[in-house]
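A short write-up of the structure that comes next.
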Amino acid sequence: VQLQAFGGGLVQAGGSLRLSCVMSGRTFSTYAMSWFRQAPGKEREFVAAISWNSDSTYYADSAKGRLTISRDNAKNSVYLQMNSLKPEDTAVYYCAAQPWKTYYSGSNSSPVRYDYWGQGTLVTVSS
């Protein structure tokens, strides 16, 4: 399985970015997907999760109202739309996949839940 994330870059505070992650090697629709991020010197933290058929989403408090996770199973892709970006959003963003059933048992913010990880894409927000 390969997860490839892209779409990061340098943006000014208040700006927007859209991250994408494409899965290959597995049936994408059998996985729930999430985004995590890791800032310099900090632990990896959960951002958002989405169920296999988009009937449910879950966000970290820091993401609510500004970041939106979505997916397109026909394109084997998951997205993270990021608006009103802040300097504290600066991090490497990772997409991750877990089997679709485990999403509904909770604990989606735990990295150990996930079987596959992308390589990360860097988002830098300047003040």
How far does [atom1] of [X] sit from [atom2] of [Y], to the nearest 0.5 angstrom?
X      : Y      : atom1 : atom2 : answer
Thr102 : Asn108 : OG1   : CG    : 7.0 Å
Ser109 : Phe36  : OG    : CZ    : 7.0 Å
Ser70  : Gln81  : OG    : CD    : 8.0 Å
Tyr94  : Cys21  : OH    : SG    : 12.5 Å

State, with a plain yes or no, whether a side-chain heavy atom of [X] is found less than 4.5 Å away from one of [Y].
X     : Y      : value
Pro87 : Ser127 : yes
Ser62 : Arg37  : yes
Val22 : Phe6   : yes

Would you name the heavy atoms of [X] and [Y] that are closest together and state the gap between them?
X      : Y      : value
Gln119 : Ala5   : NE2-O, 2.8 Å
Trp117 : Pro111 : CZ2-O, 3.6 Å
Ser107 : Arg113 : CB-NH2, 3.3 Å
Asp89  : Ser84  : OD2-O, 4.5 Å
Tyr79  : Ser77  : OH-CB, 3.4 Å
Ser51  : Arg71  : O-NH1, 3.0 Å

| message | Can you list everything that forms a side chain to side chain donor-acceptor pair (under 3.5 Å) with Asp72? Sequence neighbours excluded, please. | response | none
| said: Between the side chains of Lys64 and Asp61, is the shortest nitrogen-to-carboxylate-oxygen separation below 4.0 Å, so that they form an ion pair? | reply: yes
| query | Rest of the hydrophobic cluster containing Leu17 (Ile/Leu/Val/Met/Phe/Trp/Tyr, side-chain heavy atoms under 4.5 Å)? | reply | Val1, Leu3, Val11, Leu19, Met23, Phe28, Tyr31, Met33, Trp35, Val47, Ile50, Tyr59, Leu67, Ile69, Val78, Leu80, Met82, Leu85, Tyr93, Tyr116, Val123, Val125
| CA sep, side-chain torsions, deciding dist, call: Trp52, Thr27, side chain to side chain contact (heavy atoms under 4.5 Å, CB included) | CA-CA 11 Å; Trp52 71 278; Thr27 303; over 6 Å; no
| message | Would you say the ring centers of Tyr58 and Tyr103 fall short of 6.0 Å from each other? | response | no
